[in-house]
Amino acid sequence: MSDVRYNFKEVEPRWQKAWADNKSFVSSGDGSKPKYFVLEMFPYPSGRLHMGHVRNYTLGDVVARFRKAQGFDVLHPMGWDSFGLPAENAALERGIHPGTWTRQNIADMREQFEPLGLSLDWSREISTCEPAYYRHEQKIFLDFVKAGLAYRKESWVNWDPVENTVLANEQVVDGKGWRSGVAVERRKLNQWFLKITDYAEDLLAATETLDRWPDKVRLMQHNWIGRSEGARLEWSVLKPEGTELPDKLEVFTTRPDTLFGASFCAISPNHPLAAELAENNPALADFVADCNRLGTSEGAIEKAEKKGFDTGLTAQHPFDPDWEVPVYVANFVLMDYGTGAIFGCPAHDQRDMDFARKYNLPVICVVAPKDADPTAFATELEAGTNAFTGDGVAVKSEFINGMTGEDAKRVAIEKIEAEKNGEGVVQYRLRDWGVSRQRYWGCPVPIIHCDSCGAVPVPDTDLPVILPDDVTFDLPGNPLVRHPTWKRVSCPSCGKAAERETDTFDTFFESSWYFARFCDPKNETLGFDKAAANQWLPVDQYIGGVEHAVLHLLYARFFTRALQTCGYLDVAEPFDGLFTQGMVGHETYKNPDGSWLSPDQVTQSESGDAIHIDDGTPVLIGRSEKMSKSKKNTVDPAYIIGTYGADAARLFMLSDSPPERDMEWTDSGIEGAWRYLNRLWRMVAETPIDAGSLPALDTMDTAAVEIIKATHKAIAHVTEALETFRYNAAVAHIREFTNAIGELNVELTGALPARRFAVETLAILANPLIPHITEEIWATLGCNGLLADQAWPKHDPALLVEDIVTLGVQVNGKMRGTIEVATEADKSTCASAALALPTVQAQVDGKQVRKVIVIPGKIVNVVVG
RNA sequence: GCGGGUGUGGCGGAACUGGUAGACGCGCUGGAUUCAAAAUCCAGUUCCCUUACGGGAGUGUGGGUUCGAUUCCCUCCACCCGCACCA
């Protein structure tokens with residue numbers, strides 16, 4: 001019994017230094033090897049590394065080290081997503097300048113990264129809050145403006161009253177701000193938008209080609225873009241004499257086949273027509289204000305009653321001038337979808353039905369199920385409160401009578417187009433991306449507002465527009481607005497006094513192109529060189545949390561296309577492969593009074609119950625939840641790495657659960673990983689290493705030969721598991737292989753060289769998972785060079801074939817025993833061996849053997865009856 | 001409401017194209033070593049009956065296809081996630 005203990009505290013920093021000195025992870029980019037770009041979503045510099053980071057970057061590191069060993073020129077960079085609101089909050093709370101706070105955090109986090117031993121190329125480090133980065137972003141934006149991909153318009157926006165800024169649709173969750181968690185309000189503001197909708201069709205179509213993305217994310221993007229086919233059509237508005245209202249009301253519908261079931265039109269409270277009418281109608285103005293107050297908050301929408309306001313106007317049916325319907329302002333009609341106006345067909349839309357019942361509007365059935373009696377069906381439908389939204393046959397609909405679903409829609413659209421009442425259109429749920437934020441700590445929008453010239457781009461020669469440092473946070477709102485001089489400039493176009501735009505970009509702007517910047521991070525004149533981007537992009541493997549499925553990941557796909565349009569690069573899709581990892585969770589603990597306790601405040605009593613470590617009071621154990629400060633169930637990575645080392649932390653994280661699933665952090669888990677490392681280390685330290693070269697297999701003891709075979713099996717299994725992101729299975733194979741090596745009796749002929757070969761191979765196979773200890777083993781074995789530079793081994797398929805196989809034997813599909821036969825044994829040999837088993841005989845006894853199914857190498861099934 | 005996913009021992013999870021369910025680990029039980037503890041090592045560990053041999057049940061539920069189903073098809077249940085008045 002040796003008490004050799006693996007000294008990670010000495011070993012891990014030593015190899016980290018060796019890799020750095022050797023520039024092991026600096027990509028060459030010289031084209032001598034195929035490229036492989038591995039990227040993890042870059043962190044926001046909060047100042048503290050958390051376990052979620054450790055999991056994310058460990059997963060990426062396994063990919064990077066594995067691909068490097070496989071002979072790729074790996075690009076694996078790191079940087080900082082360093083604009084954002086927390087920096088401003090820190091300024092407010094502690095009086096620290098956001099820049100100082102952010103840069104200090106970056107320095108701290110860089111230090112916390114070091115002991116993880118990640119294979120990062122730090123020479124490419126970027127930080128998005130530095131002018132060196134965002135100056136190029138300003139140029140990109142101006143190019144977008146030039147190309148018509150960025151525009152400014154006044155529009156209704158989501159306003160977060162806590163963050164005092166606008167949010168994009170993607171940043172509103174359940175009617176609440178994604179960070180603040182408070183209900184958003186609606187406001188009308190002048191905003192910059194990026195024309196993501198120009199690419200809606202392409203983004204949607206291309207989701208089908210992203211076959212190395214999780215289906216879930218593709219589906220979420222598909223639904224978010226939300227394509228639907230339908231028609232725009234015009235209704236003539238019959239207005240009181242002498243009024244100056246528009247003549248036409250344009251509506252959007254996906255059901256032109258139900259046009260003959262129309263019983264009203266409804267417009268959004270934010271529709272221009274509603275605003276015009278409200279001018280002379282205080283009751284309507286109140287109604288509109290009411291609707292806006294309710295906003296989009298919560299599930300309130302779910303329960304919110306359908307409410308309408310009768311404008312008194314009527315509209316003329318496009319196919320029948322004598323048919324008039326009332327025009328309502330309705331709270332359920334959205335201004336920013338379609339035309340902000342609809343026609344209501346109560347019989348075939350549940351909302352319209354609810355509305356019709358409330359305001360006593362007609363319900364006209366114009367679609368009946370194929371096999372139903374149309375008259376009886378219509379009678380029941382028109383008397384009830386449930387709309388029929390299914391497929392069926394058109395009735396009471398003149399020229400489309402008798403047609404079904406798609407045919408009826410097509411014919412209706414043809415008629416609409418023929419009569420010049422409108423046209424078939426494709427409508428998307430996706431809206432343009434509003435990028436203006438009324439915040440300080442972001443990239444300034446490089447625009448100057450001039451009374452005579454309007455919004456004027458800052459000339460290239462004046463870029464970058466640098467964020468001023470001398471700002472104050474003593475008042476709410478954007479400090480840039482009240483800065484005494486910064487915004488006062490002369491118009492680049494006419495020279496008159498003008499004002500800088502004080503809005504900054506949404507921070508998703510920075511993360512929409514950083515992967516391209518990593519290809520050429522030091523370029524001062526350009527965001528990136530086109531050739532460099534074309535060389536490295538797309539990212540071969542991107543890794544991050546699923547929470548960005550429709551935010552960052554959609555923006556980045558759009559941005560890359562927009563950059564392509566502007567001639568920056570020649571790729572459309574930024575991320576060829578995407579992997580979304582699960583969260584890191586931990587059990588939660590509560591006092592009987594409901595207050596949260598941290599794991600280190602909880603211990604076990606003698607009877608095994610959870611108790612408070614100080615006073616022994618009982619503790620309630622809750623289920624595992626994502627680590628969070630508020631629930632106090634966090635574990636500090638620095639503490640874990642200081643106690644067990646980086647390899648142990650990595651090993652546990654990789655082995656516990658499949659990487660895409662949530663994992664639970666446990667003390668026993670990390671200890672188990674630590675025990676394994678020590679076992680592995682003892683195995684190497686306790687056995688002679690100078691074992692000579694591998695002799696011919698037929699001169700070795702069979703047990704030694706088995707180890708050679710097990711080695712090739714391990715190569716095959718581990719390689720496959722690493723290729724397919726089944727890292728927990730990879731760890732299991734490594735451990736199984738380790739067990740096999742440990743069981744080999746070294747006294748046997750050929751055992752020592754076999755063992756050496758096995759351990760050497762084990763070191764290579766385990767290296768991507770636990771890089772430090774395997775590097776130490778490599779050196780201890782006296783092998784040349786760094787393990788990090790070694791090539792990945794290949795297995796010999798011939799050695800995977802066994803001479804003898806064990807087959808399961810079933811009787812009527814139930815397992816009754818096993819037989820050992822030669823691998824090449826024919827079916828009849830297997831059958832008679834199976835029938836000879838006493839346990840089989842006992843089952844067969846007294847019955848007739850009907851047939852014996854033999855699947856070579858797998859199973860024998862005796863069918864009796 | 002719509003869309004998607006998941007369900008296997010006490011726990012995390014394995015199981016290639018349908019072919020010996022529970023690999024690997026955690027935990028637990030017993031033993032060795034130790035003055036003792038830690039560490040380590042050995043044995044066992046799906047459940048039920050049986051000293052054993054052996055038998056029965058078993059992958060959320062109920063059915064189906066098949067010689068054979070964790071795997072394929074249908075029903076239902078539970079949990080999780082996304083979207084949510086998108087006309």
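Each chain gets a letter, A, B and so on, in the order the sequences are listed, and its residues count up from 1.
The P atoms of B:U66 and B:U71 are separated by 16 Å, rounded to the nearest whole Å. With both ends at atom P, the span from B:U65 to B:C77 equals 24 Å, rounded to whole Å. Comparing B:C11 with B:G60, their P atoms sit 13 Å apart, to the nearest whole Å.
The partner of B:G9 cannot be assigned: no Watson-Crick or G-U wobble pair with both contacts below 3.5 Å exists in any strand. Pair assignment for B:A69 gives none, since no Watson-Crick or G-U wobble pairing has each distance under 3.5 Å. When both pairing distances are held under 3.5 Å, B:A43 makes a Watson-Crick or G-U pair with B:U29. Under the Watson-Crick and G-U wobble criteria, each requiring two contacts below 3.5 Å, nucleotide B:A15 is left unpaired.
Formation of a donor-acceptor pair under 3.5 Å by the A:R232 side chain with backbone atoms of A:G422 is not found in this model. No donor-acceptor distance shorter than 3.5 angstrom exists from the side chain of A:T258 to the backbone of A:G261, with no hydrogens or angles considered. Side-chain atoms of A:T839 never come within 3.5 Å of backbone atoms of A:G817 as a donor-acceptor pair (strictly under, hydrogens ignored).
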Check against side-chain contact (heavy atoms from CB on, under 4.5 Å), A:H317 and A:L259:
CA-CA 9 Å; A:H317 195 282; A:L259 204 41; 3.9 Å; yes
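Residue A:N739 is in sugar-phosphate contact alone, with no base atom involved, counting any heavy-atom pair closer than 4.0 Å across all strands shown.
Aromatic rings from A:Y644 and A:F652 are positioned such that their centres are separated by 6.0 Å or more. The aromatic ring centres of A:F355 and A:F332 sit less than 6.0 Å apart.
Relative to the side chain of A:K858, the nucleotides B:A84, B:C41, B:U17 differ in distance, and B:U17 lies closest.
For B:G13, the base is anti relative to its sugar; the glycosidic angle deviates from 0 by more than 90°.
Listed in residue order, the members of residues 251-260 of chain A having a heavy atom less than 4.0 Å from RNA chain B are A:F252, A:T253, A:T254, A:R255.
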Given protein heavy atoms under 4.0 Å, the one-letter contact record of nucleotides 47-59 of chain B, with B base, S sugar-phosphate only and - none, is simply --------SSS--
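Atom CG of A:L219 and atom P of B:G82 are 13 Å apart (whole Å).
The closest side-chain donor-acceptor pair between A:E743 and A:N739, if any, does not fall under 3.5 angstrom.
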